Amino acid sequence: RKDGNAPKKIAVVISTLNNPWFVVLGESAAQKARDLGYETTIFDSQNNTAKEAEHFENLIAAGYSAVLFNPTDAEGSVSNVNRAKQAGIPTFCMDREVNSLEGPVTQIISDSFSGCVDLGQYFVRQMNKKGKYVELLGLVGDNNTWNRSKGFHSVVDHFPDLKMVAQQSADFDRNKAMEVLESVLQSNPDIDAVFCGNDAMAMGAYQALVSAGKADSVMVFGFDGTEDVMNAIKNKKIMATAMQSPKFMAQTAAELADKYLKGERNMDRKMPITVEVVTQDNISEFDAYGSEN
Amino acid sequence: MEKENIILRAENITKRFAGVTALDDVSIDVYAGKVNVIVGENGAGKSTLMKILSGVYPDYEGELLLHGEEVKFSNPKEAMKSGIAIIHQELNLIPYLSITANIYLGREIVDSFGMLDFKKMNQVTKELLARLDCDVPPTTLVSELRVGQQQQVEIAKALLEDAKVLIMDEPTSAITDAEVEVLFRIIESLKKQKVSILYISHKLDELFEIADRFIGLRDGKMVGTIENIVEANKDDLIRLMVGRDIDNHYVKEKSPLGEEVFRAEGIYLPKPTGKSEFLVNDVSFSVRKGEVLGIFGLMGAGRTELLETVFGLHSKLMVGNIYIDGQKVIIKSVMDAVAKGMGLVPENRKEDGLVLEMPVFKNISMASVEQTLKNGFLNLGLEIGLAKKYITDLNIKTPSPRQKVKNLSGGNQQKVVLSKWLATTPKILFLDEPTRGIDVNAKNEIYHLISNLAKEGLGVLVVSSELPEIMAICDRIIVMGESRITGEFSQKEATEDKIMNAAIL
Amino acid sequence: MNIKTTVIKFQSIIALFILCVVLALLSDKFLTPENGWNIMRQISINVCISVGMTLVILTRGIDLSVGSILAFSGAVAAGLLKYGIDIPSLNLYIGFTVFGAILGGILVGGGLGLFNGWMITRFKVPPFVATLAMLTIARGATMLWTGGFPITGLGEHFAFIGTGWFLGMPMPVWITIIVVAIAVIVTRSTKFGRYVYAIGGNESAARLSGLNINKIKIWVYALAGILAAVGGIILTSRLDSAQPNAGFSYELDSIAAVVIGGTSLSGGRGSIMGTVQGALIIGVLNSGLVLLNVSPFWQQIIKGFVILIAVILDRVNHPNED
Amino acid sequence: MNIKTTVIKFQSIIALFILCVVLALLSDKFLTPENGWNIMRQISINVCISVGMTLVILTRGIDLSVGSILAFSGAVAAGLLKYGIDIPSLNLYIGFTVFGAILGGILVGGGLGLFNGWMITRFKVPPFVATLAMLTIARGATMLWTGGFPITGLGEHFAFIGTGWFLGMPMPVWITIIVVAIAVIVTRSTKFGRYVYAIGGNESAARLSGLNINKIKIWVYALAGILAAVGGIILTSRLDSAQPNAGFSYELDSIAAVVIGGTSLSGGRGSIMGTVQGALIIGVLNSGLVLLNVSPFWQQIIKGFVILIAVILDRVNHPNED
Ligand SMILES: Nc1ncnc2c1ncn2[C@@H]1O[C@H](COP(=O)(O)OP(=O)(O)OP(=O)(O)O)[C@@H](O)[C@H]1O
Ligand SMILES: Nc1ncnc2c1ncn2[C@@H]1O[C@H](COP(=O)(O)OP(=O)(O)OP(=O)(O)O)[C@@H](O)[C@H]1O
Ligand SMILES: [Mg+2]
Ligand SMILES: [Mg+2]
């Protein structure tokens with residue numbers, strides 16, 4: 001019934017559009033797919049696995065040909081991927097993985113855990129293996145929060161002279177991070193570093209340090225590689241972040257989807273994209289949100 | 001009377017509310033098969049005593065004896081089971097439920113599956129309504145009924161179970177005379193079945209028609225009874241209530257009439273639903289300075305709607321012209337009406353007249369707060385001063401201008417509403433049922449007040465459903481029936497017969 | 001009954017019908033059986049919650065805690081199923097069957113609802129505040145229980161509830177239909193239902209008629225908790241995973257469904273079927289906006305206006321109530 | 001005035017005092033001037049919003065849209081400042097000064113509030129629903145305006161509003177004190193304030209006294225929008241960045257502050273100073289829990305119970321109102 005000339009449709013399902021990093025991920029994927037001749041739609045799961053499930057059901061019903069997928073949750077999203085597979089729709093995971101080897105065609109993952117392992121090592125070196133630090137967690141119910149925290153601690157906890165004096169949640173939110181750190185600084189004025197679960201919190205933490213007059217003596221570490229933080233690293237305000245390359249991951253996913261739809265079946269099940277530690281020394285090698293291929 | 005005729009006895013009842021002793025060591029006897037009337041001023045404690053007898057207030061001092069045995073009700077349902085039913089002073093109905101649902105609330109009939117038995121309940125309701133001469137389908141929602149019909153539903157509710165003691169707290173304050181007749185017929189037949197009635201009303205005339213004996217309450221204390229009803233007259237009754245004589249035969253003094261201050265011409269108010277039906281249908285009238293114009297009519301005649309319409313409440317639907325001091329004015333809203341010198345004391349003071357949680361002085365200055373501004377800001381001194389003036393002038397009984405208005409008695413609350421309008425120095429004042437639910441003493445004071453206002457040159461329009469009242473206080477009487485004017489009489493030519501004939505059409 | 005009152009009575013159905021026609025014209029994928037089941041399955045959780053919310057709102061209350069209770073009950077059921085109760089210090093281990101775990105989740109939901117009702121009736125805390133506090137408390141409790149991690153791998157039996165089909169209809173739709181059927185009977189034809197309306201219509205009159213207001217209200221909030229738990233279990237089963245952040249801001253979706261369905265926030269007037277229609281309108285709209293490829297940003301704006309329009313229609317038709 | 005009424009009158013202050021003493025005993029860092037300024041700065045945004053919310057609640061309304069309006073106004077101000085209005089097709093470019101941009105943000109906030117008020121008065125949409133719709137609409141509008149990206153790099157002048165000090169006090173605290181002072185005078189000593197209480201106390205009596213109910217209500221919602229915008233500008237300036245998802249669930253914090261401060265959700269009773277105390281209680285608690293390094297999970301639970309206790313205290317002291 002459908003005429004052969006109509007462009008095929010690709011769905012881009014993103015865990016949340018409330019965070020610029022994911023907006024970049026989603027829009028890069030959509031743009032690339034459009035460049036390759038597909039009609040695309042971006043779905044916002046609002047960090048809600050149930051919402052994501054609805055999106056999958058809707059897009060299956062709407063006859064999409066492929067899904068470029070940024071899951072909300074490694075476990076919770078498995079059933080969605082499988083549902084798409086049963087309907088004959090291939091899924092290509094971006095950035096976050098799902099705990100299923102068979103479900104998605106391929107998973108282009110930025111490995112938060114190992115990224116934070118690297119970041120942890122850099123952290124330890126900068127701290128000279130001793131000192132007090134604060135950890136700001138993201139949303140406490142989010143598995144990325146814990147992947148990052150665990151990766152970081154898997155390194156840092158081996159050094160007994162590195163003392164975590166406070167571990168608080170700031171919901172991945174800039175304002176919350178600022179307020180929480182302001183309070184933490186009251187009880188721990190003598191900290192040496194703040195490790196933040198994402199870049200928005202790193203910026204908030206930095207601002208709290210500025211108003212407390214401690215911006216020069218306390219090191220801030222973020223995670224993501226957003227524009228703000230890249231500039232701040234250039235200006236020696238923030239020590240380091242972990243660069244995940246949303247543009248690269250998104251474009252790769254779109255290309256692979258294109259190839260798959262054109263018949264190519266020979267693909268790696270997993271493609272880990274290295275998360276690179278961006279520091280004040282190597283900053284010149286990076287663009288914000290990673291390079292475009 | 002003999003002891004065995006005492007069906008219910010309250011002994012040494014004391015009831016305190018935060019700050020108020022509503023009942024102080026009250027003892028009364030209720031005789032079987034009689035209409036026992038409780039009389040007393042506003043706030044005397046009548047309703048409180050009834051609520052204790054019917055289980056609404058479970059905590060009180062003293063004891064209740066039913067058939068000589070002590071009883072203690074922890075809720076109204078228990079009282080009902082023991083055969084005591086009550087019609088409360090305020091309507092207590094659920095607006096979005098049907099008549100049947102209201103009547104059976106709390107005692108529904110269910111079938112063997114626990115499901116409501118609509119058929120049976122509707123059947124019984126229909127019979128009950130028929131007994132009250134009320135011709136409305138039992139499935140009608142209560143919100144669609146007139147106030148009078150709602151009152152009848154309350155009565156039907158009390159009749160549902162065969163009560164041995166039936167308490168009626170001002171059951172006639174909102175029903176038509178014809179409906180009152182039906183009620184009294186029912187009371188007579190209940191008496192024959194040895195049901196005892198406890199009856200409260202501020203309408204002294206009807207009391208003599210129905211009462212078998214009087215029990216007087218004053219300031220929360222029992223002050224005596226009148227058992228020999230045949231030899232008693234109104235003055236005896238008033239003495240029992242108030243403790244002194246009151247000139248109850250008030251007749252308005254003639255005051256010189258001035259220019260026409262207000263005229264309404266060809267006022268129509270269509271019903272929001274139907275196209276050719278009117279709540280106010282081609283009404284014209286005028287009021288002169290110093291004149292008290294009465295509007296009489298049966299309940300539902302459209303008097304309240306008329307006042308509301310000329311007061312700007314229905315400006316979108318209204319048709320007609322209004323003149324003040326001979327000038328045509330456009331009244332688009334209540335604000336316009338107030339600005340042009342009108343004031344309205346509404347029918348229901350608690351719902352529409354007062355902010356109960358606010359102190360007296362703020363209620364008094366509500367409609368004219370501009371005059372208490374100093375440099376653009378409210379000035380407490382000026383405001384309290386204003387309030388004090390009216391508290392003195394109108395003899396409002398309140399411990400202080402800062403007293404919350406909800407703590408005042410009905411009559412004094414009504415005076416606060418009046419003060420609010422007097423403070424705006426109006427040219428014309430509309431009073432909708434100004435004495436509803438108000439005791440004989442306060443009534444008298446309000447009559448004098450109306451007369452004094454007229455003397456000072458105000459035009460006053462009084463809506464009332466009480467014939468004696470309207471004949472006593474008005475210079476001229478307009479009669480309304482079915483939304484239109486059906487008669488007009490000067491004070492001299494007015495007789496009860498003429499007015500009633502005009503009202504009934 | 002004349003045409004006008006008929007229109008008023010069926011206004012939500014008519015709105016729904018118009019919406020469907022428009023969507024069917026705009027997208028040929030809209031009127032397909034799969035899409036129908038999709039929408040039904042998607043609204044099933046909201047309908048479960050909203051049935052409880054309808055009861056609460058009929059009594060003139062509000063329940064902001066349904067989303068949190070949903071999350072906690074789902075997590076409890078998942079936790080019991082997967083790990084049981086294991087207290088090594090007491091040498092205590094209790095395993096749970098699927099049935100036992102579900103019961104556990106539902107009991108917890110009912111318990112939290114009971115607590116809401118207790119605060120509201122015993123301490124006269126306004127429902128808005130009591131359930132606002134519960135929103136926070138149950139969210140914290142979920143985090144404590146899960147440690148912030150999803151609980152996954154709950155097995156096929158459990159997954160059947162959310163993903164299985166039975167007699168040609170998805171299980172969540174079955175559950176919802178049963179919930180709705182019971183609720184319709186309860187509200188229309190039982191004493192309890194009548195009392196719920198009576199309390200919302202005029203609480204003091206209901207009290208004077210001897211109704212046990214407190215008991216009924218406590219039950220209503222407990223039922224709202226139980227139904228939130230049912231929703232939580234369906235959700236957990238569908239996802240094969242209890243998400244600590246589940247149910248976030250579900251209370252607003254649910255209130256929207258109730259209000260669009262014509263139930264008055266000032267109590268005493270409304271119906272379960274109205275709420276179902278309200279949830280359908282929201283579900284159809286959600287699904288339709290996606291089918292039409294509307295940008296997620298515009299979706300929010302459009303949804304806001306649809307809520308407004310639905311309620312304004314209701315107001316136009318019931319002008320005298322507030 | 002006897003001891004009991006004194007206790008009742010100052011109950012929030014007493015609660016605040018007890019909280020402070022407990023925290024001071026538990027942490028020697030609590031009672032320091034910097035911590036004082038911190039808490040003041042942190043609550044400043046909530047206080048601004050809550051002053052507007054108090055007015056709304058005094059009229060027996062509610063405003064769920066303050067968080068979204070805050071986000072949108074902040075984003076508008078930031079966008080105007082950074083990019084101006086640039087419509088190449090019309091060859092139109094308007095640049096904005098800091099002052100102009102702030103004014104733009106505030107106007108937008110006021111405009112959205114006005115829209116709320118218009119829906120509520122003209123179309124009789126219940127405040128809960130009208131502002132729920134606005135919550136969604138303004139959130140969508142923020143996303144459209146920002147494209148989902150923060151707007152950053154707003155310059156030093158703009159940053160001064162949120163981070164500067166003036167005469168030894170942080171700027172946000174100055175702004176808040178001015179807002180509170182004006183609000184206290186308005187509610188206590190102006191016609192408008194009196195009318196706000198009257199409408200909440202008995203709307204029908206207020207209408208029959210000739211008050212222009214609709215005008216006053218529209219103003220109240222517009223003011224709530226303006227104050228949300230002020231909060232949005234402080235926030236944007238503090239962060240040197242307009243975050244698209246700013247203000248998320250601020251409405252609940254704000255309502256909590258108002259209610260803890262003793263303002264009744266059924267209108268007509270309450271005060272601005274009560275709300276300030278409510279916000280202080282929440283702020284001190286938030287900061288104290290972090291200071292004591294309480295686990296984030298437990299923080300939510302503790303906050304829920306504090307709200308409950310505060311409101312139960314209020315109920316105990318005003319038993320007759322509902
Ligand atoms: N719930 C209550 N709380 C506090 N005071 C009350 C309460 N109910 C009644 N009172 C007070 O108790 C007294 C007696 O009131 P009650 O209603 O019994 O008077 P009443 O004789 O029925 O008057 P009316 O003729 O106006 O109906 C009054 O002073 C009243 O203000
Ligand atoms: N809100 C309303 N909508 C439709 N009809 C109404 C409304 N209010 C009153 N009515 C009808 O309008 C007519 C007149 O009303 P109302 O009872 O107020 O007259 P009234 O003469 O003032 O009597 P009362 O002495 O009871 O005040 C009645 O038929 C009544 O049923
Ligand atoms: Mg009484
Ligand atoms: Mg009337």
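In what follows, chains carry the letters A, B, and so on, assigned in the order in which the sequence lines appear, proteins first and then strands, with residues in each chain numbered from 1. In this text, all values refer to a predicted model and were calculated from it rather than measured experimentally. Note that these values count all heavy atoms, side chains included, but never hydrogens, waters or copies made by symmetry.
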Heavy atoms only: give me the nearest Q300(D)-M143(C) pair and the separation to one decimal.
OE1-CG, 4.1 Å
Among I307(D), V129(D), I62(D), which has the most heavy-atom pairs under 4.5 Å with chain C?
V129(D)
Please classify the contact of I302(C) with chain D as side chain, backbone, both or neither, using a heavy-atom distance under 4.5 Å.
neither
Report yes if some heavy atom in the side chain of F128(C) is under 4.5 Å from a heavy atom in the side chain of F128(D); otherwise report no.
yes
What part of L132(C) gets within 4.5 angstrom of chain D, counting heavy atoms only: side chain, backbone, both, or neither?
side chain
When only pairs under 4.5 Å are counted, which of M119(D), M134(D), K303(D) shares the most heavy-atom pairs with chain C?
M119(D)
Can you find a pair of side-chain heavy atoms, one from V259(C) and one from P126(D), that are under 4.5 Å apart?
no
Heavy-atom pairs under 4.5 Å with chain C, option from I255(D), L144(D), L252(D) with the top count
L144(D)
Other residues, nucleotides and ligands only: do more than 12 of their heavy atoms fall within 6.0 Å of CZ on F248(C)?
no
For the residue pair A133(C) and L308(D), what are the closest heavy atoms and their distance?
CB-CG, 3.6 Å
Value for CD1 (I309(D)) from CZ (F123(C)), rounded to nearest 0.5 Å, stands at 10.0 Å
Anything under 30° is parallel, anything over 60° is perpendicular, the rest tilted; go ahead and classify F115(D) against F305(C).
perpendicular
Are T136(C) and I301(D) close enough that some pair of their side-chain heavy atoms sits under 4.5 Å apart?
no
Is it the backbone or the side chain of L265(C) that comes under 4.5 Å from a heavy atom of chain D, or both, or neither?
side chain
